[in-house]
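What follows is a short report on a single structure.
Keep in mind that what you see is a predicted model, and the values were worked out from it rather than measured. We number each residue from 1, following the sequence as shown.
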Amino acid sequence: MAAPRKYPDELRERAIREVRATGRPIAHVAKDLGIHKEALRGWVRQAEADRGERDDRLTTAEQDELKQLRKEVAELRRANEILKAASVFFAQEIDRPRTRQFTWYTAPSLDVLPSHARFTAGG
């Protein structure tokens, strides 16, 4: 679970808007709003990437997709490890020599039953 954000989303949006609209330096806007200047710089860069103005960063959508894909890969790797362990276990079970001898039950022949115990179709 991610840590809670230090700054509300509304403040982020307002700060980014102010930097873009006024053209003031990021450090001045950050100081006026009580935000760390490097935090604001990162927000502005991410907003520029989301608008396609920067090629050196992934967009927020791409970051979310990458995060989801990494999570899926990790889950599939865990499943693979479980399946590998299971296949090794079952391979050992198949290869293990049997120690028990089974004697199979065979039903007695009807010829040896007394005549009163025999079933006849006619009744």
Side-chain angles (χ1 to χ4, degrees):
M1 182 182 224
R5 293 183 171 204
K6 184 174 180 180
Y7 301 105
D9 290 337
E10 298 82 21
L11 179 61
R12 290 172 182 248
E13 293 167 11
R14 178 178 165 210
I16 293 167
R17 245 189 347 262
E18 191 168 330
V19 168
R20 291 186 57 80
T22 63
R24 292 176 55 210
I26 290 175
H28 293 174
V29 174
K31 185 176 181 185
D32 291 347
L33 296 175
I35 303 169
H36 193 278
K37 65 182 179 181
E38 292 306 317
L40 180 54
R41 188 177 321 281
W43 300 343
V44 170
R45 286 180 179 166
Q46 189 60 51
E48 291 169 351
D50 288 345
R51 281 192 295 278
E53 298 170 5
R54 295 183 76 101
D55 292 334
D56 61 338
R57 293 179 79 120
L58 296 175
T59 65
T60 302
E62 291 169 334
Q63 287 176 353
D64 291 344
E65 182 183 11
L66 182 60
K67 183 176 169 183
Q68 178 61 32
L69 290 172
R70 285 182 174 162
K71 183 178 178 182
E72 189 176 328
V73 166
E75 185 176 322
L76 290 171
R77 284 185 176 153
R78 280 192 299 274
N80 256 353
E81 290 302 316
I82 290 169
L83 291 172
K84 283 179 187 176
S87 67
V88 167
F89 173 78
F90 287 117
Q92 289 172 348
E93 285 292 313
I94 291 171
D95 291 342
R96 182 177 301 151
R98 300 287 179 219
T99 57
R100 293 184 185 168
Q101 294 295 324
F102 292 102
T103 55
W104 296 98
Y105 173 78
T106 55
S109 171
L110 292 178
D111 294 335
V112 293
L113 292 176
S115 61
H116 68 278
R118 292 186 188 161
F119 172 77
T120 59

Taking only residues two or more places apart in sequence or in another chain, which ones pass side-chain contact (heavy atoms from CB on, under 4.5 Å) with Arg77? Val73
Under 3.5 Å, which donor-acceptor pairs link side chains of residues 80-88 to any protein atom two or more places apart or in another chain?
from, atom 1, to, atom 2, distance (Å)
Ser87, OG, Leu83, O, 3.4
Ser87, OG, Lys84, O, 2.8

Taking atom types as modelled and ignoring hydrogens, do the side chains of Gln68 and Asp64 form a donor-acceptor contact shorter than 3.5 angstrom? no
Considering only heavy atoms from C-beta outward, does the side chain of His36 approach that of Lys6 to under 4.5 Å? no
Heavy atoms of other groups near Asp55 CG, more than 12 under 6.0 Å: no
Taking the side chain as every heavy atom from C-beta outward, state whether Arg51 and Arg20 have any pair of such atoms under 4.5 Å apart. yes
For the student: nearest non-hydrogen atoms of Gln46 and Thr59, plus distance: NE2-C, 3.6 Å
Hey, what do you get for CD (Glu62) to CG (Asp50), rounding to the nearest 0.5 Å? 9.0 Å
Could you go through residues 23-31 and list every donor-acceptor pair under 3.5 Å that involves a side-chain atom there, pairing it with any protein atom two or more places apart or in another chain?
from, atom 1, to, atom 2, distance (Å)
Arg24, NH1, Glu18, OE2, 3.1
Arg24, NH1, Asp32, OD2, 3.1
Arg24, NH2, Asp32, OD2, 2.4

Glu53 CD: over 12 foreign heavy atoms closer than 6.0 Å: yes
From Arg17 CZ over to Glu13 CD, what is the distance, rounded to the nearest 0.5 angstrom? 6.5 Å
Test of understanding: clusters of I, L, V, M, F, W, Y form through side-chain heavy atoms closer than 4.5 Å, transitively. Do Val19 and Leu11 belong to the same one? yes
